[in-house]
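Just so it is clear, the values below take in all heavy atoms, side chains as well, and ignore hydrogens, waters and symmetry mates.
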Amino acid sequence: MIKIGTEIESPQTGERLIILSTADSSNGELFKAELIMQPGPYVVQSHIHPAQEERFVILEGKFGWTIGKESGVAEPGETLVCPARVPPGQWNASDGVLRIYYEHRPALDSVEVFFETYFGLSRDGRLSKEGDMKLLQAAVLMQEVGDFIRPARPPLFMQDTLFAPLAWLGRRRGYRARYPEYALPADEPVPAAP
């Protein structure tokens, strides 16, 4: 379990996450983090959460968003909800810092794996200037976190067919879903009462 209060940086995308609730800390009910995004060109591309509702609570700045075929800009005090299997996208639509609460229900362990790896790759400068992973790295990671996040295209049934051989090739070339050097601090286990 990731330690509550852990902060992780993604220098290539200008994002910082502060972990507030995890699958373990909420009995699988809620993953919650504060997302702080610097102004700039980075856009979280359209993607799908196959089994989770995603919620954005805007705290500061202007939150550019797409949810399905709708789009807009939300301001502090607004909350947006994206149902499972509806593709969202997001960006900082202001000249200043954007702060939101970023929530997923139910919580999945794979959420933590995704952010641990993606932000670690960013810290090592291993993302494209658009914030994308290399294809083989993405295929390997999707095998581990596909219950949490998938690209919006191609359709999910095609992804299962296409990503399996790409993931096999990626693993043969040394890509992993998790890297020890990116591991986030874990909460200490609570000893059992005597």
Novice: Return yes if some donor-acceptor pair links the side-chain N/O of Asp160 with the main-chain N/O of Ala164 below 3.5 Å, else return no.
Specialist: no
Novice: Examine distances only and state if a side-chain atom of Arg176 and a backbone atom of Arg171 form a donor-acceptor pair shorter than 3.5 Å.
Specialist: yes
Novice: Counting only heavy atoms not in Glu181, do more than 12 sit closer than 6.0 Å to its CD atom?
Specialist: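 Result for CD/Glu181: enclosed.
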Novice: Return the SG to NE2 distance between Cys82 and His104, rounded to the nearest 0.5 Å.
Specialist: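 That separation rounds to 9.5 Å.
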Novice: Is it true that Val81 and Val111 fall in one hydrophobic cluster, defined by side-chain heavy atoms closer than 4.5 Å?
Specialist: no
Novice: Indicate the atoms forming the closest heavy-atom contact of Asp95 with Pro39, along with that distance.
Specialist: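 Closest heavy-atom pair between Asp95 and Pro39: O-CG, 3.4 Å.
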Novice: Determine whether Phe63 and Leu80 satisfy the following criterion, side chain to side chain contact (heavy atoms under 4.5 Å, CB included), listing intermediate values before the conclusion.
Specialist: CA-CA 10 Å; Phe63 179 71; Leu80 299 165; 3.7 Å; yes
Novice: Would you mind telling me which of Gln159, His47, Gln45 makes a side-chain contact (heavy atoms from CB on, under 4.5 Å) with Pro151?
Specialist: Gln159
Novice: Can a donor-acceptor pair be found, under 3.5 Å and without considering hydrogens, that links the side chain of Ser26 to the backbone of Ser21?
Specialist: no
Novice: State, to 0.1 Å, how close Leu166 and Ala139 come at their nearest heavy-atom pair, and which atoms those are.
Specialist: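 It is CB-CB, 3.7 Å.
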Novice: Applying a strict under-4.5 Å side-chain criterion to I, L, V, M, F, W and Y, I'd like to know whether Leu30 and Ile4 cluster together.
Specialist: no
Novice: Residues sharing Ile18's hydrophobic cluster, by side-chain heavy-atom contacts under 4.5 Å among ILVMFWY, directly or via others?
Specialist: Leu20, Ile36, Val57, Leu59, Val97, Tyr101
Novice: Flag the pair Trp65 / Phe56 as yes when at least one side-chain heavy-atom distance between them is below 4.5 Å, and no otherwise.
Specialist: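 Counting from C-beta outward, Trp65 and Phe56 never come under 4.5 Å.
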Novice: May I have all residue pairs that pass salt bridge (Lys or Arg N to Asp or Glu O under 4.0 Å) and include part of residues 5-25, sequence neighbours excluded?
Specialist: Glu7-Arg16, Glu9-Arg16
Novice: Calculate, to the nearest 0.5 Å, the distance between atoms CD1 and CZ belonging to Ile2 and Phe115 respectively.
Specialist: 10.0 Å
Novice: Does the Glu116 side chain pair with the main chain of Leu184, one donor and one acceptor, at a distance under 3.5 Å?
Specialist: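 Indeed, once roles are kept as given, a pair shorter than 3.5 Å links the two residues.
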Novice: Consider only side-chain heavy atoms of I, L, V, M, F, W and Y, link residues closer than 4.5 Å, and tell whether Val113 and Ile48 are in one cluster.
Specialist: no
Novice: List the residues meeting ring pair (Phe, Tyr, Trp, His ring centres under 6.0 Å) with Phe114, not counting sequence neighbours, and say none if there are none.
Specialist: Tyr118, Phe148
Novice: Minimum heavy-atom separation for Thr13 to Gly131, with atom names?
Specialist: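 Minimum heavy-atom contact is CG2-CA, 4.1 Å.
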Novice: Does a side-chain heavy-atom distance below 4.5 Å link Tyr182 with Asp124?
Specialist: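 Touching, per the 4.5 Å side-chain cut-off.
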Novice: Does Ser46 use its side chain to pair, donor to acceptor, with the backbone of Gly89 at less than 3.5 Å?
Specialist: no
Novice: Mind jotting down which residue pairs meet the salt bridge (Lys or Arg N to Asp or Glu O under 4.0 Å) criterion with at least one end in residues 35-48? Sequence neighbours excluded, please.
Specialist: none
Novice: For residues Ser122 and Ser10, report the shortest heavy-atom separation together with the two atoms involved.
Specialist: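 Looking at all heavy atoms of both residues, the closest pair is OG-OG, 2.8 Å.
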Novice: For the pair Arg173 (side chain) and Leu169 (backbone), establish whether a donor and an acceptor sit closer than 3.5 Å, ignoring hydrogens and angles.
Specialist: no
Novice: Is the side chain of Glu144 donor-acceptor paired with the backbone N or O of Leu141 at a distance under 3.5 Å, no angle test?
Specialist: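 Pair absent, no side-chain N/O of Glu144 close to backbone of Leu141.
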Novice: Mind checking what makes ring pair (Phe, Tyr, Trp, His ring centres under 6.0 Å) contact with Phe163, not counting sequence neighbours?
Specialist: none
Novice: Is there a side-chain contact between Tyr42 and Met37 (heavy atoms, below 4.5 Å)?
Specialist: yes
Novice: Does the cation-pi check pass for Arg126 over Tyr179, that is, NZ or CZ under 6.0 Å from the six-membered ring centre and within 45° of its axis?
Specialist: yes
Novice: Please name all residues satisfying side-chain hydrogen bond (donor to acceptor under 3.5 Å, both in side chains) with Tyr175, sequence neighbours left out, ordered by chain then number.
Specialist: none
Novice: Can Met142 be reached from Leu156 by stepping across I, L, V, M, F, W or Y side chains whose heavy atoms are under 4.5 Å apart?
Specialist: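 No, Leu156 does not connect to Met142 through the hydrophobic network.
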Novice: Can you tell me how far the CZ atom of Arg85 sits from the CZ atom of Arg150, to the nearest 0.5 Å?
Specialist: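 Here the interatomic distance stands at 8.5 Å.
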Novice: For the side-chain contact (heavy atoms from CB on, under 4.5 Å) test, which of Leu35, Leu98, Val43, Ile67 pairs with Gln90?
Specialist: Leu35
Novice: Is there a side chain to side chain contact (heavy atoms under 4.5 Å, CB included) between Leu127 and Met133? Walk through the geometry before answering.
Specialist: CA-CA 5 Å; Leu127 301 177; Met133 289 178 261; 3.8 Å; yes
Novice: What pair of heavy atoms forms the shortest contact from Gln12 to Ser128, and how long is it?
Specialist: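 Nearest heavy atoms, Gln12 then Ser128: NE2-O, 4.0 Å.
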Novice: Rounded to the nearest 0.5 Å, how far does CD of Glu112 lie from CZ of Arg178?
Specialist: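 Atom-to-atom, Arg178:CZ and Glu112:CD are 8.0 Å apart.
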Novice: Hydrophobic clustering (ILVMFWY, side-chain heavy atoms < 4.5 Å, transitive) - are Val140 and Ile149 grouped together?
Specialist: yes
Novice: Evaluate the ring planes of Phe31 and Tyr102, with Trp represented by its six-membered ring, and classify them as parallel (under 30°), tilted (30 to 60°) or perpendicular (over 60°).
Specialist: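 Rings of Phe31 and Tyr102: perpendicular, over 60°.
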Novice: I need the Arg153 CZ to Met158 CE distance, nearest 0.5 Å.
Specialist: 12.5 Å
Novice: If you apply the rule side chain to side chain contact (heavy atoms under 4.5 Å, CB included), what do you find for Gln38 with Asn92, and how did you get there?
Specialist: CA-CA 7 Å; Gln38 297 301 316; Asn92 183 344; 5.7 Å; no
Novice: Over all heavy atoms of both residues, which pair between Gln137 and Leu121 is shortest? Give the atoms and the distance, please.
Specialist: CG-CD1, 3.8 Å
